[in-house]
Protein chains: 2
Amino acid sequence: MRLSTTSYLVLGMVALRGPSTPYDLKRATSRSVGYFWNFPHTQLYSEPERLAASGLLAVDLEDSGRRRKTYSLTPEGRAALQEWLAAPTAEHFEMRDVAELKLFFNEAGSPDDDVPKLAQEQIRQHEERIAVYEDMVSRHGDEDWARPRMITLELGLEMEHAALRFWTALAAGTIEDLRRERDERDIR
Amino acid sequence: MRLSTTSYLVLGMVALRGPSTPYDLKRATSRSVGYFWNFPHTQLYSEPERLAASGLLAVDLEDSGRRRKTYSLTPEGRAALQEWLAAPTAEHFEMRDVAELKLFFNEAGSPDDDVPKLAQEQIRQHEERIAVYEDMVSRHGDEDWARPRMITLELGLEMEHAALRFWTALAAGTIEDLRRERDERDIR
DNA sequence: AAGCGCACCGTACGTTCCGTATGGTGTGAA
DNA sequence: TTCACACCATACGGAACGTACGGTGCGCTT
């Protein structure tokens, strides 16, 4: 049985939160891990079902009211999660940036130059996202962002700032400075 | 008719390269745009077919030897590409980083601490990728990386360096310094 | 306390994506 | 010449995705 990364995400969330319904997971992921691992919420209904079929989650059906399933971790599920956490990580991080694609193809298709507008949009978007991350940092008390997990926010922030630097330099026409600054930094 | 981002990627590549077979596109993308927009090569056989059905690409079948289809841009295809390039970009960039997920869930599942090993792996991987990018920069003569498109490499490099800084700091236990350095940088 | 409106919750469904696996095609070496 | 291997193309099944819709119950109004 082959588990996808999303499977482990579900296992991990259940491990963090304890017994959860898909909707619980939906709410919890949308304001935490969902920021760096996006997926449709329907996965949170189908995926636990599959995991339950493999014995990695246990299901508890609520008999009254809204049909609703509560999933909890089995010993096998916890073992699978731990094994995954301890295993080497072959996959390099992936990104999909539509703006970067447009920049790449820009010269190909457009008679007038769309780059400045694109850069401005991106600057605004990354600034917005940085604000979101900072907000998450500030309310580090809640369950989704207890202390140990706050570290990942720093990675998100580093990435956002990197992108922001790039688009800002592009808008200002000072791309060459980026490389120089990186070199300086490496020397230190 | 709704086009996916991958559709535009195909249109863009054909626009850059001129008439191309799926395999041409496969080779060209694997060492350029594939680095920041990953997808299976089978898409490069199915996607052009769909685009041809919509009239955005024209097909030319080779009659002899290997069955092989050459796709070229139609005026409608070029128009669609230009429209996309000029349109606002709503999507924020997405990333999927398995290592980040593991870091997030680490506390949840593992009795012993897997983080140092994880960090070391990531440092190595990002350094490798940086070398690849630098190599691409150095051979900026070839068709896939003609001058205008080299700019996107700088974005890739900024992101890789950001990630590398993070994992290095994590391994060294100096995460707090990252934030301080960012603040200093913002002030300048 | 009955009715109503709306936010909440779950799932169905059609499409696209994805990975794997396989088979055909040409070319260079022995 | 033939054999091996890299090159090229596609089939196929399952997972992911987005959208859209239908059910459910809570709170508000009167």
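Chain A is the first sequence line, chain B the second, and so forth, proteins listed ahead of strands; every chain is numbered from 1.
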Rounded interatomic separation in angstrom, taking [atom1] from [X] and [atom2] from [N]:
X        : N       : atom1 : atom2 : result
Leu9(A)  : dA16(D) : CG    : P     : 11 Å
Leu44(A) : dG10(C) : CG    : P     : 11 Å
Asp24(B) : dA9(D)  : CG    : C1'   : 13 Å
Glu49(B) : dT16(C) : CD    : P     : 13 Å
Arg27(B) : dA6(D)  : CZ    : P     : 16 Å

Notebook entry, point to check: When every nucleotide of nucleotides 17-23 of chain C is labelled 5' to 3' by its protein contacts under 4.0 Å (heavy atoms), B for base, S for sugar-phosphate only, - for none, what sequence of letters results?
Noted result: SBBB---
Next item on the list: Check step by step if ring pair (Phe, Tyr, Trp, His ring centres under 6.0 Å) holds for His126(B) and His161(B).
Entry: CA-CA 8 Å; His126(B) 286 290; His161(B) 277 272; 10.0 Å; no
Item checked: Pairwise side-chain contact, Val14(A) with Leu81(A), heavy-atom cut-off 4.5 Å (strictly under) ->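 The answer is no; the side chains never approach within 4.5 Å.
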Checklist line | Phosphate contact (dA9(D) OP1 or OP2) by Tyr45(B) side-chain N/O below 4.0 Å | finding: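 Answer is yes, contact under 4.0 Å.
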Next item on the list: May I ask you to say whether Glu154(B) pairs ionically with Arg182(A), meaning some side-chain N is under 4.0 Å from a carboxylate O?
Entry: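 Arg182(A) and Glu154(B): salt-bridged.
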Item checked: Sidechain-backbone polar pair: Gln122(B) side chain, Ala99(B) backbone, donor-acceptor under 3.5 Å ->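 No.
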Notebook entry, point to check: So, does Ser20(B) use its side chain to make a donor-acceptor pair with the main chain of Gly18(B) at under 3.5 Å?
Noted result: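 Yes, the answer is positive, given that a donor and an acceptor are paired below the 3.5 Å cut-off.
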Check: How are the rings of Phe36(B) and Phe104(A) set to each other: parallel, tilted or perpendicular (split at 30° and 60°)?
Finding: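 Geometry flag for Phe104(A) against Phe36(B): perpendicular rings.
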